[in-house]
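Single-structure report; data block below.
Every chain is numbered from 1 and lettered A, B, ... according to where its sequence line falls, protein lines coming before strand lines.
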2 protein chains.
Amino acid sequence: MPKTAADVRAQAKAAMKQAILDAALRQLAETGADGLSVRGVARELGMASSAIYRHIPSRDALLTDLIIEGYESLGQEAEAAERAIPRSELPERFSAVCHAARRWATANPHHYALLYGSPVPGYAAPTDTIEPATRVARLLAVIMVDAANEGAIRVTAPVEVPPGALEPEILTDFLPGVAYPVAVAGIHAWSSLFGMVSFELFGHMVGSVADADAFFDAGVALLSAQVGL
Amino acid sequence: MPKTAADVRAQAKAAMKQAILDAALRQLAETGADGLSVRGVARELGMASSAIYRHIPSRDALLTDLIIEGYESLGQEAEAAERAIPRSELPERFSAVCHAARRWATANPHHYALLYGSPVPGYAAPTDTIEPATRVARLLAVIMVDAANEGAIRVTAPVEVPPGALEPEILTDFLPGVAYPVAVAGIHAWSSLFGMVSFELFGHMVGSVADADAFFDAGVALLSAQVGL
DNA sequence: TGTAAGCTGTGATCAGTGCTCGCAAACAAG
DNA sequence: CTTGTTTGCGAGCACTGATCACAGCTTACA
């Protein structure tokens, strides 16, 4: 079908917005979220700062777009790493996801800090961000569901958990067939994973951990064992 | 001994600095680190903004002072909670420290974010902050050393860790008598603890965890088991 | 006692920020 | 050809961190 003039216009507008996002991403990678300024991306694009506001409503909205892009970039990398492992090798798939997350974080530290550091705009995350934010978690969940279906989960968990800690939808939609204590251990492993990455990236382990690679390997092994893989 | 005039002067100067820190802490609690402004604390103290710089070299230095105060406040609360438990009840002491940390974090969310969120000034933490930052970790370490001395650690750890992951001084000075794999599990538990707290505080668990208290209880139990208590 | 030195607070000022608004050019639709 | 919409521009507002010359005040010393 032929492109209408409106299509051309819409495409140009989308390209402009993408150029803004790319410039903002470059600035984020260099100076961090604090150093990212709307006037700076305007300078980089050679236009007046006020012109930027024709394409984005505010600086916070720009950061939100970068957050979404970050979650999707991280999710893609984790999914690609997991896809490269045969489906039957459950601990290897788990490990691949964890290592991919750490790799993405160390490659894009400022972007990672924007996702998992202090929430800059406020406490409530914009609703647009919650869906892409679940991609890594969903990946880990699929592995656990596969393990449960194969009966491959060794329930070594020596911990009793009172019922009701998790949202019911998580158990039914996200982790169907996974026993409740194992699901709790899974969510815990998910938060522990990003706790490790954040601690390493934010400099909390400088005096205690000598070989970050080896330590992360051991941590992933501990988490893997904790969820029964 | 009588106060010399110089003493009075020094005391007044210290009081002024403390007043600045108090005002800054109030602003931090209200608006977060991003919203904290030197001019704002000057307004609150009824003085010109330039006068603040007689007592503080820069805004970053002010934030550094708040970071140190935060680590010490958190450390004191954790130490008090641990002291209230009989020394022989090792898992209870461990749990008390974890819950005290979470309690302090939820009571002072912006202050917590300043400590464990994205490092705002830069990547290298000022050297003044690394010593107070270890207080909670030291508390957990003492518990593990006590457990090792009593032979109370059940080494259930099913994970092999290659040597050299931790700094040697940590093993000798911080965790003397603790077996290497257990020490690795301890550092891992430390990072997992703050991973849990950060995930909860920064809103990453909104859709998955229904009862944050119960989930945290379960997480602490998992960590406790992981270090062999 | 007189004077020089140091500390502390002030207002002005600079460069930078997010964001708004009136205006003008370009372009699409009628 | 004439509307109406979109897109960019420059000026401007209110705010920020930080510096500077200046003025008091207190202290120390001759």
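- With no hydrogens or angles considered, no side-chain donor-acceptor pair links B/Thr106 and B/Tyr112 at under 3.5 Å.
- The side chain to side chain contact (heavy atoms under 4.5 Å, CB included) test applied to A/Gln18 returns A/Leu21, A/Asp22, A/Glu69, not counting sequence neighbours.
- Partners of B/Glu79 under the side chain to side chain contact (heavy atoms under 4.5 Å, CB included) rule, at least two apart in sequence or in another chain, are B/Arg83, B/Arg135, B/Leu139.
- Across all strands, A/Ser58 comes closer than 4.0 Å only to sugar-phosphate atoms, never to a base (heavy-atom distances).
- Atom C1' of nucleotide D/dA18 and atom CG of B/Asp60 are separated by 12 Å, given to the nearest angstrom.
- For A/His204, the ring pair (Phe, Tyr, Trp, His ring centres under 6.0 Å) partners two or more places apart in sequence, or in a different chain, are A/Phe199, B/Tyr116.
- Across the protein-nucleic acid pair, B/Met16 atom CE and D/dC25 atom P stand 18 Å apart, rounded to whole Å.
- Of the residues in residues 37-44 of chain A, those lying under 4.0 Å from DNA chain D by heavy-atom distance are A/Arg39.
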Side chains of residues 215-222 of chain B: which donor-acceptor pairs under 3.5 Å do they make with residues two or more places apart or in other chains?
unit_1   : atom_1 : unit_2  : atom_2 : d
B/Asp217 : OD1    : B/His99 : NE2    : 2.6

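- For B/Glu131, the side chain to side chain contact (heavy atoms under 4.5 Å, CB included) partners two or more places apart in sequence, or in a different chain, are B/Arg138.
- Listed candidates were D/dG17, C/dG18, C/dT10. Nearest to the side chain of A/Arg59 is C/dG18.
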In a table with atom names and distances, give each donor-acceptor pair under 3.5 Å that connects a side chain of residues 38-52 of chain A to protein atoms at least two apart or in another chain.
unit_1  : atom_1 : unit_2  : atom_2 : d
A/Glu44 : OE2    : A/Arg26 : NE     : 2.6
A/Glu44 : OE2    : A/Arg26 : NH2    : 2.7

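- Not counting sequence neighbours, B/Asp128 has no partner by the side chain to side chain donor-acceptor pair (under 3.5 Å) test.
- In this structure, CE of A/Met47 is placed 16 Å from P of C/dA26, rounded to the nearest angstrom.
- Of the residues in residues 50-57 of chain A, those placing a heavy atom less than 4.0 Å from an atom of DNA chain C are A/Ser50, A/Tyr53, A/Arg54, in numerical order.
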